[in-house]
Amino acid sequence: ADADGRAAVALTLASLVRGEWGPVYDAAGWPALLCILSLGGATAAMAQLHSDAARGASNLLLTEANRLSLLADPRAVHFLARALGSLSAQAQQAGSSDRALALGTAHAYALLLRSSAPELVAEAVAAIASMGAQASALAEAGVPAALAALLKSEDPLVAAGAARALGALA
């Protein structure tokens with residue numbers, strides 16, 4: 001019943017904002033969007049809400065101040081990168097390309113590359129290596145430069161992963 005209540009509130013909110021998630025972010029910050037993204041898409045309406053919220057989050061990541069406000073919470077960055085990455089991969093597998101979602105995904109993984117947790121950096125590097133078809137979005141998000149900096153990492157797995165990812169993007 002609690003999940004149904006959260007879904008009802010999220011769907012009501014979505015009907016009010018009509019795809020404009022900026023005001024939701026302005027009022028409640030990243031936690032509101034992350035909460036909606038965490039609900040998943042068990043029904044068609046929830047799947048549409050999830051997709052709309054992901055695109056809203058992607059658009060918010062285009063602004064440096066919004067990215068920096070998220071950077072303070074590595075778990076939130078990790079969750080967002082995985083959520084956007086999953087939707088972006090689904091779109092590619094379906095044969096459609098969503099530039100906004102790809103760019104949001106690239107920015108989220110670029111943020112994750114700045115994490116102090118080697119396991120999160122390694123996961124981001126591995127994900128980026130599989131995003132070669134989205135090279136222009138990754139370049140726009142500054143991912144190649146961040147990967148190049150990781151080549152000097154003290155963690156040999158991170159450095160090797162960064163080299164592989166750069167090779168996949170070339």
side-chain contact (heavy atoms from CB on, under 4.5 Å) evaluation trace for Trp30 with Leu80: CA-CA 10 Å; Trp30 283 109; Leu80 187 57; 3.8 Å; yes
Within 6.0 angstrom of Arg75 CZ, more than 12 heavy atoms from elsewhere: no
Audit row: Ser69, Tyr25, side-chain hydrogen bond (donor to acceptor under 3.5 Å, both in side chains) steps and yes/no: CA-CA 11 Å; Ser69 71; Tyr25 172 79; 2.9 Å; yes
Main-chain N/O of Ala54 paired with Trp21 side-chain donor or acceptor, under 3.5 Å: no
Non-hydrogen atoms of Ala76 and Leu34 that approach each other most closely: CB-CD1, 3.5 Å
Main-chain N/O of Ala110 paired to Arg114 side chain as donor or acceptor, under 3.5 Å: no
CG-CD distance between Leu101 and Gln90, expressed to the nearest 0.5 angstrom: 9.5 Å
From CG (Leu70) to CG (Leu60), nearest 0.5 Å: 10.0 Å
Minimum side-chain heavy-atom gap Tyr109-Leu138 below 4.5 Å: no
same_hphob_cluster(Leu84, Leu62) at 4.5 Å side-chain heavy-atom cutoff: no
Gap between atom CG of Asp52 and atom CD1 of Ile36 - 0.5 Å precision: 10.5 Å
Exercise: identify the closest heavy-atom pair between Asn59 and Ala100: OD1-CB, 4.1 Å
Minimal non-hydrogen separation, Ala129 against Ala168, with atom names: O-CB, 3.4 Å
Same apolar cluster (I L V M F W Y, side chains within < 4.5 Å links), Leu103/Leu87: no
For the student: nearest non-hydrogen atoms of Ser136 and Arg99, plus distance: OG-NH1, 3.3 Å
Nearest-0.5 Å distance that lies between atom OG in Ser86 and atom NE2 in His50: 7.5 Å
Donor-acceptor pair, side chain of Ser153 and main chain of Asp155, under 3.5 angstrom: yes
Gap between atom CG of Leu151 and atom CG of Leu166 - 0.5 Å precision: 5.5 Å
Leu112 reachable from Leu157 in the ILVMFWY side-chain graph, under 4.5 Å edges: no
Spacing of Gln48 atom CD and Thr43 atom OG1 [to the nearest 0.5 Å]: 10.5 Å
Nearest non-hydrogen partners of Ala108 and Val77, listed with the distance: O-CG1, 3.7 Å
Test side-chain hydrogen bond (donor to acceptor under 3.5 Å, both in side chains) applied to Ser88 and Gln134, step by step: CA-CA 10 Å; Ser88 185; Gln134 299 171 346; 2.8 Å; yes
Heavy-atom pair with the smallest gap, counting every atom of Ala106 and Val143: O-CG2, 3.7 Å
Could you pull out every donor-acceptor pair under 3.5 Å between side chains of residues 115-127 and any protein atom, sequence neighbours left out?
| residue | atom | partner | partner atom | Å |
| --- | --- | --- | --- | --- |
| Ser115 | OG | Ala117 | N | 3.0 |
| Glu123 | OE1 | His78 | NE2 | 2.9 |
| Glu123 | OE2 | His78 | NE2 | 3.0 |
| Glu123 | OE2 | Arg82 | NE | 3.4 |

